[in-house]
Amino acid sequence: MLTLNKQAIVAGLEKKHFNDAHDTIESVIAIDQARKAAQQKKDAASAEMNQISKSIGALMAQGKREEAEAAKAKTGELKENIKALEAEMAAEEEKLTQALLQIPNVPYSIVPEGKGAEDNVAVKVGGWNFGEPLKKLAEGNRSFDADGNGIALRDWPASEDPQPAFAKLPHWELAKKYNLIDFDLGVKISGAGFPVYIGQGARLQRALINFFLAEANKAGYTEIMPPTVVNQASGYGTGQLPDKEGQMYHCEVDDLYLIPTAEVPVTNLYRDEIIDEANLPIKNCAYTECFRREAGSYGKDVRGLNRLHEFSKIEIVRIDTPDHSDASHREMLAHVEGLLQKLELPYRILRLCGGDMSFTAALCYDFEVYSEAQHRWLEVSSTSNFDTYQANRLKCRYRKADDKKVYIAHTLNGSALALPRIVAALLENNQCEEGIRIPKALQPFFGDDMIR
RNA sequence: GGAAAGAUGGCGGAGUGGUCGAUCGCGGCGGUCUUGAAAACCGUUGACCUUAACGGGUCCGGGGGUUCGAAUCCCUCUCUUUCCGCCA
């Protein structure tokens with residue numbers, strides 16, 4: 001497969017700014033060929049060995065001891081040979097898996113070229129009164145499959161951002177004013193990036209979690225409550241390992257990892273499984289705490305709730321057939337967009353460029369909400385199609401209904417949604433004289449229409 | 001933490017050195033019968049690598065060893081179950 005699509009794969013990897021794409025692919029092909037050659041030699045030797053063993057068995061049964069002994073004498077050299085060939089084959093195989101683990105997923109053709117965030121393309125906006133320049137985007141690119149329809153962020157008209165009627169306080173000040181979140185207490189008991197939610201602040205967390213789960217249930221997702229600590233195999237299965245080794249908390253004595261997202265345990269549920277096509281698409285959702293070391297982050301990015309070491313997130317995960325995964329992806333996008341609309345937050349949807357996508361994704365859309373106090377867009381969801389990339393590592397396959405054969409499935413996931421930045425935007429955007437307004441859809445879950 | 005038992009195909013469960021990739025049951029699939037369904041009966045039913053194909057190879061928790069030959073014997077690791085202790 002790799003050999004057949006060499007050109008396309010190299011081009012795709014270059015889009016992701018993977019260095020030495022061409023040389024890497026060439027060397028992978030070479031290793032694979034060496035592996036095949038080794039296997040063929042080894043198989044031939046094994047076949048001969050099996051023959052001899054069988055004949056010895058037959059001779060012994062007939063009582064022809066001497067002939068059997070003669071046959072035994074022949075096996076010594078063959079045995080050495082097989083051992084050497086096996087070692088060679090194992091070495092090539094190991095080289096191959098190592099090489100393969102270093103290669104990121106190949107992006108789909110509609111993924112824009114680009115190096116970083118400014119090359120991402122906004123494909124849809126909503127949730128506030130904007131002017132002419134964004135009208136076309138607001139009408140919607142419901143299909144999300146048209147190329148070239150959108151605005152690259154480097155051309156984004158900042159004047160079109162939502163304009164607050166008065167100067168708004170950032171959420172870390174509101175958190176203090178209404179006694180919702182205590183960051184200092186978190187530092188005392190754990191460290192920076194571990195906030196303590198209190199009173200109405202804690203209640204708002206619980207309300208959002210329940211709201212998101214209820215919406216996911218309504219959309220047909222099965223609720224899962226997985227462990228928040230996983231083993232190494234799971235880390236490799238979804239591709240966090242080896243790529244993001246340093247970003248995960250690791251419990252050394254037991255060699256377990258705290259999950260950075262529910263994607264890890266919920267997708268790994270299907271590791272080494274063969275699913276009947278009739279059961280696809282699988283639609284799961286899960287609320288978990290997520291843990292990220294966030295080594296190397298600094299400045300305004302980590303202020304308040306913007307970037308935490310522990311946060312709550314509701315994740316949706318789907319397993320699907322290759323020909324339906326794109327439709328699945330769009331359903332997920334519509335679901336996430338619906339959440340933001342119900343929360344009455346200004347949002348935009350970005351198609352990530354090759355350079356900004358994760359290691360494992362083939363196509364990824366980010367959702368951002370606007371913070372009226374920080375005057376910036378905050379990422380609240382990433383919704384990705386991994387194609388067969390994760391499924392290959394997971395050995396997650398499905399049995400097709402018509403020919404009963406086994407094929408590699410597609411996996412997808414997305415946040416629906418991550419709490420902290422939603423909370424930040426809700427607090428900041430909805431502040432008014434009497435307090436902080438709770439959006440209508442959330443009121444039944446919060447139990448009040450206002451934080452006072 | 002201490003003791004014991006166990007890990008086999010989608011599931012259950014046999015198999016203690018030589019056509020065992022694995023008896024059998026259930027489930028699944030195909031068929032006979034039936035107006036239809038059920039029951040009954042017959043047949044069929046693992047994955048992976050390799051090959052254009054025929055074929056070949058690997059896999060009975062993982063790794064190593066003994067042997068011409070290992071699901072079967074030995075070592076080791078992991079996990080599970082049961083009992084005891086501790087405990088939310």
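The sequence lines fix the lettering, A, B, ..., with proteins before strands; numbering per chain opens at 1.
- Taking the six-membered ring where the residue is Trp, the centroids of A/Tyr347 and A/Phe367 are separated by 6.0 Å or more.
- Using a 4.0 Å heavy-atom cutoff across all strands shown, A/Asn50 reaches sugar-phosphate atoms only and no base atom.
- Residues A/Gln247 and A/Tyr249 bring no donor and acceptor atom of their side chains to less than 3.5 Å of each other.
- Note on A/Ala47: only backbone sugar-phosphate atoms sit closer than 4.0 angstrom, heavy atoms only; bases stay farther off.
- Atom P of B/U66 sits at a distance of 15 Å from the matching atom of B/C74, rounded to the whole Å.
- Side-chain atoms of A/Asn413 and A/Glu263 include a donor-acceptor pair closer than 3.5 Å.
- The pair A/Glu379-A/Arg307 does not count as a salt bridge, with every side-chain nitrogen at least 4.0 angstrom from each carboxylate oxygen.
- The residues A/Glu173 and A/Lys176 are annotated as not salt-bridged, no charged nitrogen and carboxylate oxygen being separated by less than 4.0 angstrom.
- As rounded to the nearest Å, B/G56 and B/C42 have C1' atoms that lie 34 Å from one another.
- Straight-line distance between the C1' atoms of B/U16 and B/C73: roughly 9 Å, to the nearest whole Å.
- Here the range on RNA chain B touched by chain A, meaning any atom under 4.0 Å from one of its heavy atoms, is B/G18 to B/G69.
- For RNA chain B, runs of at least 3 consecutive pairs of the Watson-Crick or G-U wobble type, with both hydrogen-bonding distances under 3.5 angstrom, map to B:1-7 with B:78-84, B:10-12 with B:24-26, B:27-32 with B:40-45, B:46-50 with B:55-59, B:61-65 with B:73-77.
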Output a table of donor-acceptor pairs, distance under 3.5 Å, between side-chain atoms of residues 40-54 of chain A and any protein atom two or more places apart or on a different chain; print 'none' if there are none.
residue : atom : partner : partner atom : Å
A/Asp43 : OD2  : A/Gln39 : NE2          : 3.4
A/Ser46 : OG   : A/Lys42 : O            : 3.0
A/Ser53 : OG   : A/Met49 : O            : 3.3

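- B/U44 and B/C49: their P atoms are spaced 27 Å apart (whole Å).
- Using C1' as the reference atom, B/U50 and B/A70 are 24 Å apart when rounded to the nearest Å.
- Going from the P atom of B/G61 to that of B/U8 covers 7 Å, rounded to whole Å.
- A/Glu215 has a carboxylate O that lies under 4.0 Å from a charged side-chain N of A/Lys218, or vice versa, which qualifies the two as a salt bridge.
- Backbone-only engagement by A/Gln40 is indicated by non-hydrogen atom pairs under 4.0 Å involving sugar-phosphate atoms exclusively.
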Task: A/Thr261/A/Lys313 under side chain to side chain donor-acceptor pair (under 3.5 Å): CA gap, chis, key distance, verdict - done: CA-CA 8 Å; A/Thr261 158; A/Lys313 181 160 65 67; 2.8 Å; yes
TODO: Give the intermediate values and the outcome of side chain to side chain contact (heavy atoms under 4.5 Å, CB included) for residues A/Ile451 and A/Leu180.
DONE: CA-CA 9 Å; A/Ile451 290 174; A/Leu180 304 174; 3.9 Å; yes
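- One C1' atom belongs to B/A71, the other to B/U23, and the distance between them is 14 Å to the nearest Å.
- Using a 4.0 Å heavy-atom cutoff across all strands shown, A/Ile56 reaches at least one base atom of the nucleic acid.
- Each of A/Arg399 and A/Lys42 lies near RNA chain B, and the nucleotide nearest A/Arg399 is the one positioned closer to the 5' end.
- With P as the reference atom, B/G21 and B/C33 are 38 Å apart, rounded to whole Å.
- When each of A/Thr75 and A/Arg397 is assigned the nucleotide of RNA chain B bearing its nearest heavy atom, the one mapping closer to the 5' terminus is A/Arg397.
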